K.L.:
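Handing you this structure, nothing more for now.
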Amino acid sequence: MIKLSRRQFAKSATAGLILAPFYQMLQPVPAKAAGKVKRVLLFCSMGTSPDLWTPTRVGGPTDFSFSAATAPLAKIKQHLVLIEGLPSGNPGNGHGAPDGLAGTGYGNALSVDQFLGDRLKAAGVNAQIPTLLLGAETSAGGGRTMFNRGDNLATISSPDAAFKTVFGAAPAPTAGGGPAGDDKRLARRKRVVDLVKSEVTQLKGVLGKSQQQKMEMHLQSIEQVENRLSSGGGAISCGSAKAPEGNLSDTLIANMAHLDIAVQALACDITRVAAVQFGSDQSMAVDLPGLKGDQHGGFLHSGAPNFEQLVKMEIWLAERFVDVVEKLKATPEADGSGSLLDNTIVAWCRDMGDAVVHNQQNMRFVLAGGEGKYLKTHANGRYLKGAGGGANRHERVLLNLCEAVGVTNFSGFGDPKLTGADKTPIAAVGG
């Protein structure tokens, strides 16, 4: 067998680009209905300044006023639950990866996206992509993502690469067409999959431990493709996916494209868990009309006392969150069971609570979903501060996300020292 070096492997192909055409060959397998919703979409960003986020007036859980930074959220208030007042397992942590989505930074922590992907698969939800991680420049400034599986996980940075990975390319016509041509094309693609598996297996032998773990995950995804091809899957039937447009070299424009891809992937049932991260935990370049600079070093750490630039940044992010929710609401389910929003939980999660002083004493979430579904929504919106009693940790909100899609065995996720009521979703959030 020919041995491959890293350079030779890179020159032969990248796994993502080689495998992209095969996704059009995969037929989604009907998934078991487990929870009150089917999907989770994570909208991830840096922490903020608490004074900018907290409602300016609170008369009760359904009687509050949005702050200037969160004002755009009022447009979809009937779908929202805002939560703060919950510390992480490492409240003094200066940067929140992986604590923000893992509940703890101890050992080989699993972020909630990975945990959900695993548990849904075990429950028979055979999504083609168990967890879709997207985001431009998520290693900027030497930073990290909020996604973790034994080690920090990278996102697909390029929207073009993300689109090809999710939707692939249209299969080329074969001479003569018909079943015989289809069989030949399928056999040819199986041979290519076998070749990629062989190359990936060889490459594992020359990589470090963390890279080997990531390559093993990729090898598993290749095997999933192989299994689908062997089962004779047909073409995906989900309409015409829209390819990304615009200046995709700009971080924020790229991430807007990533959000569109994530929504399309959810609509096509290609994935049940998708995430888009804005920047890394160290840096995000911003080039908007009237707002330019770096979110971390500039807006967070050089904006006191008024944080005018940070307020503008938070408003822009809130508007994008509203866009996503409205797009989900406007997209009907293929089976006629309402809109995508009716069957999705959208969660705005942050890597820190108070990013100005760098701690996780008070983590913040914005959750959105369909009215009358899992979330306990209200026409005026809902605002909760703390969970009441027990450890009162932000991990409990992550457990709400799990419960929403029917994952109720939380073993293997979060802080292993939490037990009993401390290891339960917050009842006031949803159920």
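Heads up: numbering here begins at 1 and tracks the sequence. The model shown is predicted, which means the values in this text are computed figures rather than measured ones.
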K.L.:
If you take all heavy atoms of Met352 and Ala355, which pair is closest and at what distance?
P.N.:
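Residues Met352 and Ala355, closest heavy atoms: CE-CB, 3.9 Å.
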K.L.:
Hey, is Asp323 close enough to Arg320 for a salt bridge, meaning N to O under 4.0 Å?
P.N.:
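Looking at Arg320 together with Asp323, the answer is yes, because their closest N to O distance falls below 4.0 Å.
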K.L.:
Hey, does the side chain of Asn148 reach the backbone of Asn152 with a donor-acceptor pair shorter than 3.5 angstrom?
P.N.:
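The answer is yes, because a donor-acceptor pair under 3.5 Å joins these two groups.
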K.L.:
Using the side chain to side chain contact (heavy atoms under 4.5 Å, CB included) rule, pick out the option among Thr54, Val58, Thr56 that qualifies with Phe64.
P.N.:
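Considering Thr54, Val58, Thr56, a side chain to side chain contact (heavy atoms under 4.5 Å, CB included) with Phe64 is found only for Val58.
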K.L.:
Between Thr145 and Thr155, does any side-chain donor sit less than 3.5 Å from a side-chain acceptor?
P.N.:
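Result is no, nothing qualifies.
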K.L.:
Does a donor on one side chain and an acceptor on the other come within less than 3.5 Å for Asp335 and Ser337?
P.N.:
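Yes, because at least one side-chain N or O of Asp335 sits under 3.5 Å from a partner of the opposite role on Ser337.
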K.L.:
Charged N to carboxylate O under 4.0 angstrom, Lys417 versus Glu395?
P.N.:
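Looking at Lys417 and Glu395, the cut-off is not met.
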K.L.:
Just by distance, do the side chain of Asp354 and the backbone of Pro50 share a donor-acceptor pair under 3.5 Å?
P.N.:
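Here the side-chain-to-backbone pair does not exist.
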K.L.:
Which heavy-atom pair separates Phe115 from Asn409 by the least distance, and what is that distance?
P.N.:
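So the minimum-distance heavy-atom pair works out to CZ-O, 3.4 Å.
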K.L.:
Measure from the side-chain N and O atoms of Lys376 to the backbone N and O of Val81, and report whether any donor-acceptor pair falls under 3.5 Å.
P.N.:
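No; judged by distance alone, with no hydrogens or angles, the pair does not exist.
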K.L.:
Once rounded to the nearest 0.5 Å, what's the spacing between atom CD1 of Ile156 and atom CD1 of Ile261?
P.N.:
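Here the interatomic distance stands at 8.5 Å.
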K.L.:
Side chains of Arg39 and Leu328: closer than 4.5 Å at any heavy-atom pair?
P.N.:
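No - every pair of side-chain heavy atoms lies 4.5 Å or more apart.
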K.L.:
Check the side chains of Asp294 and Ser283 for a donor-acceptor pair under 3.5 angstrom, ignoring hydrogens and angles.
P.N.:
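Asp294 and Ser283 do have a side-chain donor-acceptor pair below 3.5 Å.
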K.L.:
Walk me through whether Val397 and Leu367 qualify under side chain to side chain contact (heavy atoms under 4.5 Å, CB included).
P.N.:
CA-CA 10 Å; Val397 180; Leu367 306 182; 4.2 Å; yes
K.L.:
Fit a plane to each ring of Trp316 and Phe278, take the angle between them on a 0 to 90° scale, and name the class: parallel (under 30°), tilted (30 to 60°) or perpendicular (over 60°).
P.N.:
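The arrangement is perpendicular - the two ring planes meet at more than 60°.
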K.L.:
Roughly how far apart are Arg272 CZ and Leu132 CG, rounded to 0.5 Å?
P.N.:
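CG of Leu132 is found 14.0 Å from CZ of Arg272.
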K.L.:
Just by distance, do the side chain of Ser158 and the backbone of Ala161 share a donor-acceptor pair under 3.5 Å?
P.N.:
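Yes, Ser158 side chain to Ala161 backbone: donor-acceptor pair under 3.5 Å.
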K.L.:
For the pair His79 (side chain) and Gly370 (backbone), establish whether a donor and an acceptor sit closer than 3.5 Å, ignoring hydrogens and angles.
P.N.:
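Flag not set: sc His79 to bb Gly370 has no pair under 3.5 Å.
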K.L.:
Without hydrogens or angle criteria, can the side chains of Thr424 and Arg396 be said to hold a donor-acceptor pair below 3.5 Å?
P.N.:
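The criterion, which ignores hydrogens and geometry beyond distance, is satisfied for Arg396 and Thr424.
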K.L.:
Looking at Ala368 and Leu80, what are the two nearest heavy atoms and their distance?
P.N.:
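That closest heavy-atom pairing would be CB-CD2, 3.8 Å.
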K.L.:
Under 4.0 Å between a Lys/Arg side-chain N and an Asp/Glu carboxylate O for Arg144 and Asp351?
P.N.:
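Salt bridge between Arg144 and Asp351, a charged N being under 4.0 Å from a carboxylate O: no.
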K.L.:
Using the rule given for salt bridge (Lys or Arg N to Asp or Glu O under 4.0 Å), can you reason through Lys327 versus Asp260, listing the C-alpha separation, both sets of side-chain angles and the distance that settles it, and then say yes or no?
P.N.:
CA-CA 9 Å; Lys327 184 168 294 185; Asp260 286 339; 2.3 Å; yes
K.L.:
Does Arg350 reach the main-chain N or O of Met46 with its side chain, forming a donor-acceptor pair under 3.5 Å?
P.N.:
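Checking the backbone N and O of Met46 against the side chain of Arg350, a donor-acceptor pair under 3.5 Å is found.
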K.L.:
At what distance, to the nearest 0.5 angstrom, does NZ of Lys312 lie from CG of Leu291?
P.N.:
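Lys312 atom NZ to Leu291 atom CG measures 6.5 Å (nearest 0.5 Å).
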K.L.:
How close do Ala68 and Pro72 get, counting heavy atoms only, and between which atoms?
P.N.:
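Closest pair (atom of Ala68, atom of Pro72, distance): O-CD, 4.4 Å.
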K.L.:
Would you say Met284 and Glu137 make side-chain contact, with heavy atoms under 4.5 Å?
P.N.:
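No, every pair of side-chain atoms sits at 4.5 Å or beyond.
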K.L.:
Decide yes or no for Phe167 and Gln264: does some side-chain heavy atom of the first lie under 4.5 Å from some side-chain heavy atom of the second?
P.N.:
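Answer yes - side chains close enough.
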K.L.:
Are Asn90 and Ser88 linked by a side-chain donor-acceptor pair shorter than 3.5 Å?
P.N.:
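Judged by distance alone, the side chains do not pair up.
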K.L.:
Do Leu110 and Arg149 come close enough that some side-chain heavy atom pair is under 4.5 Å?
P.N.:
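Heavy-atom side-chain distance check passes, below 4.5 Å.
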K.L.:
Below 4.5 Å, heavy atoms only, C-beta onward: do Phe410 and Pro425 meet side chain to side chain?
P.N.:
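Counting from C-beta outward, Phe410 and Pro425 do come under 4.5 Å.
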K.L.:
Does Thr271 reach the main-chain N or O of Ile129 with its side chain, forming a donor-acceptor pair under 3.5 Å?
P.N.:
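Checking the backbone N and O of Ile129 against the side chain of Thr271, a donor-acceptor pair under 3.5 Å is found.
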K.L.:
Please give me the minimum heavy-atom distance between Asp281 and Gly143, naming the atom from each residue.
P.N.:
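Heavy atoms only, the tightest pair is OD1-CA, 3.2 Å.
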K.L.:
Does His258 use its side chain to pair, donor to acceptor, with the backbone of Ser157 at less than 3.5 Å?
P.N.:
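The answer is yes, because a donor-acceptor pair under 3.5 Å joins these two groups.
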K.L.:
Is any side-chain heavy atom of Thr138 closer than 4.5 Å to one of Leu133?
P.N.:
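SC-SC contact between Leu133 and Thr138 ruled out.
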K.L.:
Under a 4.5 Å cut-off applied to non-hydrogen side-chain atoms, are Asn255 and Leu259 in contact?
P.N.:
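Heavy-atom side-chain distance check fails, nothing below 4.5 Å.
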K.L.:
May I ask you to say whether Arg393 pairs ionically with Asp415, meaning some side-chain N is under 4.0 Å from a carboxylate O?
P.N.:
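Salt bridge between Arg393 and Asp415, a charged N being under 4.0 Å from a carboxylate O: yes.
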K.L.:
For residues Cys44 and Leu101, determine if any side-chain heavy atom of one lies less than 4.5 Å from a side-chain heavy atom of the other.
P.N.:
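Yes. Closest side-chain heavy atoms under 4.5 Å.
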K.L.:
Might you work through the side chain to side chain contact (heavy atoms under 4.5 Å, CB included) test for Asp113 and Met146, ending with a clear yes or no?
P.N.:
CA-CA 10 Å; Asp113 52 287; Met146 293 177 66; over 6 Å; no
K.L.:
Treating Asn343 as the side-chain partner and Val37 as the backbone partner, does any N or O pair qualify as donor plus acceptor under 3.5 Å?
P.N.:
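Absent.
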K.L.:
Atom CG in Asn247, atom CD1 in Ile253: separation rounded to 0.5 Å?
P.N.:
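One gets 5.0 Å once the value is rounded to the nearest 0.5 Å.
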K.L.:
Looking at Gly431, is its backbone amide N or carbonyl O close enough to the side chain of Lys36 to form a donor-acceptor pair, meaning the two atoms are under 3.5 Å apart?
P.N.:
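Answer holds: yes.
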K.L.:
Using side chain to side chain contact (heavy atoms under 4.5 Å, CB included), reason through Phe66 and Lys77 one step at a time and then give a plain yes or no.
P.N.:
CA-CA 10 Å; Phe66 290 92; Lys77 62 183 180 180; 4.0 Å; yes
K.L.:
Indicate the atoms forming the closest heavy-atom contact of Val40 with Leu116, along with that distance.
P.N.:
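The pair with the smallest heavy-atom distance is CG2-CD1, 4.0 Å.
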K.L.:
Is it true that Arg57 and Asp63 have a side-chain N and a carboxylate O under 4.0 angstrom from each other?
P.N.:
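Between Asp63 and Arg57 there is a salt bridge, with a charged N closer than 4.0 Å to a carboxylate O.
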K.L.:
Between Ile315 and Val311, does the side chain to side chain contact (heavy atoms under 4.5 Å, CB included) criterion hold? Intermediate values first, please.
P.N.:
CA-CA 6 Å; Ile315 289 173; Val311 170; 3.9 Å; yes
K.L.:
Find the distance between CG (Asp342) and NZ (Lys373) and round it off to the nearest 0.5 Å.
P.N.:
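Interatomic distance, Asp342 CG to Lys373 NZ, rounded to 0.5 Å: 5.5 Å.
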K.L.:
Describe, in one word, how the ring planes of Phe365 and His394 are oriented to each other, choosing from parallel (under 30°), tilted (30 to 60°) and perpendicular (over 60°).
P.N.:
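Parallel, since the angle between the ring planes stays under 30°.
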K.L.:
Counting only heavy atoms from other residues, nucleotides and ligands, does the tally under 6.0 Å from NZ of Lys242 exceed 12?
P.N.:
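At most 12 heavy atoms, drawn from other residues, nucleotides or ligands, come within 6.0 Å of this atom.
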K.L.:
Within this structure, what is the CD-CG distance for the pair Glu308 and Leu52, rounded to the nearest 0.5 Å?
P.N.:
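Reported to 0.5 Å precision, the distance equals 11.0 Å.
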K.L.:
Can you classify the ring geometry of Trp53 versus Tyr383 as parallel (below 30°), tilted (30 to 60°) or perpendicular (above 60°)?
P.N.:
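Tilted: the ring planes of Trp53 and Tyr383 meet at 30° to 60°.
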